[in-house]
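Heads up, the thing below is written out as structure tokens.
Just so we're on the same page: letters track the sequence lines, and every chain starts at 1. For clarity, every value in this text was computed on a predicted model and none was experimentally measured.
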2 protein chains.
Amino acid sequence: MNIGEVADRTGIPAKTIRYYEDIGLVRPMRRPNGYRAFRDTDLHKLAFLGRARALGFSIEDCRTLLGLYENESRESSQVKIVATEHLAAIDRKIAQLQSMYKTLSHLVDGCQGDHRPDCPILSDLSGNP
Amino acid sequence: MNIGEVADRTGIPAKTIRYYEDIGLVRPMRRPNGYRAFRDTDLHKLAFLGRARALGFSIEDCRTLLGLYENESRESSQVKIVATEHLAAIDRKIAQLQSMYKTLSHLVDGCQGDHRPDCPILSDLSGNP
DNA sequence: ATAGGGCTTCCAGCAACTGGAAGCTCAATA
DNA sequence: TATTGAGCTTCCAGTTGCTGGAAGCCCTAT
């Protein structure tokens, strides 16, 4: 399979697939003409990566997970640790965004949004109590 | 004021303050010895930036907001538009993270986390329905 | 005089791509 | 058969918002 078809089938842009090869996440064969030749295993790996990335795992986490996936003698606890830590990070991020949302939505609600310059958003940002 | 004191008082690292000068967000004066000399207005601007960044505004948004802040003839509607769009972006981000959280927490819950290799997290990532 | 801390600049690197240029290859058409 | 045009290749640069480090000047205190 050429890179274009792999891109179509996985939904991962060709550019990104090349990047993943660059950083050693996939190692497709090469044809005599220099084109990458993807096997089904490469396709599966890329689909795996696509799903892991969609769940927000970092590239390094993806590398780890892919390694565990291909390691017959893995222990599910190893996978669970990675996923649990990521889950906690997501949770922290959500909390942080919700805090921003809360603050900002109050400010926005208080802003008239008219032709006059007075604005509680700017007041708050400028340190006005 | 030297950069160190400004950093202490605003909580913004000196490195970051220099970076903000680089990209034109602040323009401190210079002493004859080459040191940056920050006035109170610079301090206020940096504090403003710190708060805006803490609310998740992008640097470009910060530039806009700072411009509006300093513009006597602004209209609060201009501020409100920037803030409202940012609020919507935060909302989208929260929704995305919550979706990830939901999926991943289900998978984590289903994982035994023991010495055996079987793991629903990897099964899911590998495309197992 | 010297030690230290603070200040300066510049260069590089992080994550995870993405865009673009220059150039080769291949399949299909005129 | 010659030539399009799409698809492939590599490499370099840029994105966002810093952050670290090196080399070197400045200032104060001992």
Side-chain angles (χ1 to χ4, degrees), chain A residues 1-38 42-43 45-46 48-66 82 85-86 89-90 92-93 96-97 100, chain B residues 1-38 42 45-46 48-66 82 85-86 89-90 93 96-97 100:
Chain A
M1 238 179 298
N2 282 351
I3 199 168
E5 194 183 338
V6 176
D8 285 348
R9 304 218 337 211
T10 60
I12 302 171
K15 274 269 178 188
T16 303
I17 296 172
R18 290 193 195 99
Y19 170 69
Y20 286 170
E21 185 188 12
D22 257 19
I23 62 175
L25 286 179
V26 276
R27 296 178 206 286
M29 312 255 82
R30 293 293 180 137
R31 297 191 209 288
N33 65 7
Y35 283 23
R36 289 169 183 82
F38 293 85
D42 298 315
L43 197 78
K45 271 194 183 189
L46 286 165
F48 183 104
L49 286 169
R51 279 182 285 263
R53 293 290 297 135
L55 285 178
F57 284 105
S58 71
I59 289 287
E60 281 321 300
D61 278 353
C62 288
R63 198 189 297 279
T64 304
L65 291 171
L66 211 43
V82 173
E85 277 172 12
H86 179 47
I90 292 175
R92 286 192 297 275
K93 192 76 196 168
Q96 188 194 6
L97 288 171
M100 288 176 184
Chain B
M1 239 179 301
N2 281 350
I3 199 169
E5 194 183 340
V6 177
D8 286 349
R9 306 217 336 212
T10 60
I12 301 172
K15 274 267 179 189
T16 303
I17 296 171
R18 291 196 194 96
Y19 170 68
Y20 287 170
E21 186 188 11
D22 258 19
I23 61 174
L25 287 180
V26 276
R27 298 178 205 282
M29 312 255 81
R30 292 293 180 138
R31 295 190 210 290
N33 66 8
Y35 284 23
R36 289 169 181 82
F38 293 85
D42 298 315
K45 270 195 185 188
L46 285 164
F48 183 103
L49 287 169
R51 280 183 284 262
R53 293 287 299 135
L55 285 179
F57 284 105
S58 72
I59 290 288
E60 282 320 301
D61 278 352
C62 289
R63 197 190 299 278
T64 303
L65 291 171
L66 211 43
V82 174
E85 276 173 12
H86 179 47
I90 292 176
K93 191 75 196 169
Q96 187 193 8
L97 287 171
M100 287 178 184

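Residue contacts shown for B/R30 are limited to sugar-phosphate atoms, with no base heavy atom under 4.0 Å away. Base engagement by B/R18 is indicated by at least one non-hydrogen atom pair under 4.0 Å involving a base atom. B/Y20 comes within contact range of the sugar-phosphate backbone alone, with a heavy-atom separation under 4.0 Å but no base atom that close.
Side-chain nitrogen and oxygen atoms of A/R36 include at least one within less than 4.0 Å of the OP1 or OP2 phosphate oxygen of D/dT9. Between B/Y19 and D/dT16, a side-chain N or O to OP1/OP2 separation shorter than 4.0 Å is absent. Contact check, A/R53 against C/dC17: a side-chain N or O comes under 4.0 Å of OP1 or OP2. Side-chain nitrogen and oxygen atoms of B/T16 include none within less than 4.0 Å of the OP1 or OP2 phosphate oxygen of D/dG17.
Distance alone, capped at 3.5 Å, places no donor-acceptor pair between the A/H86 side chain and the A/D61 backbone. The backbone N or O of A/G4 lies less than 3.5 Å from no partner atom in the side chain of A/N2, so there is not a single donor-acceptor pair.
Comment: B/E21 does not engage B/R18 in a salt bridge, judged by the lack of any side-chain N to carboxylate O separation of less than 4.0 angstrom.
Atom pair B/L49:CG and D/dG17:P shows a separation of 12 Å (rounding to whole Å applied). Spacing between atom CD1 of A/I17 and atom P of D/dG7 amounts to 14 Å, rounded to whole angstrom units. In this entry the distance linking CG of A/D22 with C1' of C/dC17 reads 11 Å, nearest Å. Rounded to a whole Å, the CD atom of A/E60 is 8 Å from the P atom of C/dA16. Rounded to an integer number of Å, the gap from A/R31 CZ to D/dC8 C1' is 11 Å.
Atoms CZ and CG, from B/R53 and B/L55 in turn, are 10.5 Å apart once rounded to the nearest 0.5 Å.
Between B/T64 and B/F57 the shortest side-chain heavy-atom distance does not fall below 4.5 Å.
Along DNA chain C, the nucleotide nearest A/Y35 and the nucleotide nearest A/P13 are compared for position; the residue whose nucleotide lies closer to the 5' end is A/P13. Between B/N33 and A/I3, the residue anchored nearer the 5' end of DNA chain D, judged by the nucleotide with its closest heavy atom, is A/I3.
Contact of B/K15 with D/dG21 (side chain to base): a donor-acceptor pair of N or O atoms is detected under 3.5 Å.
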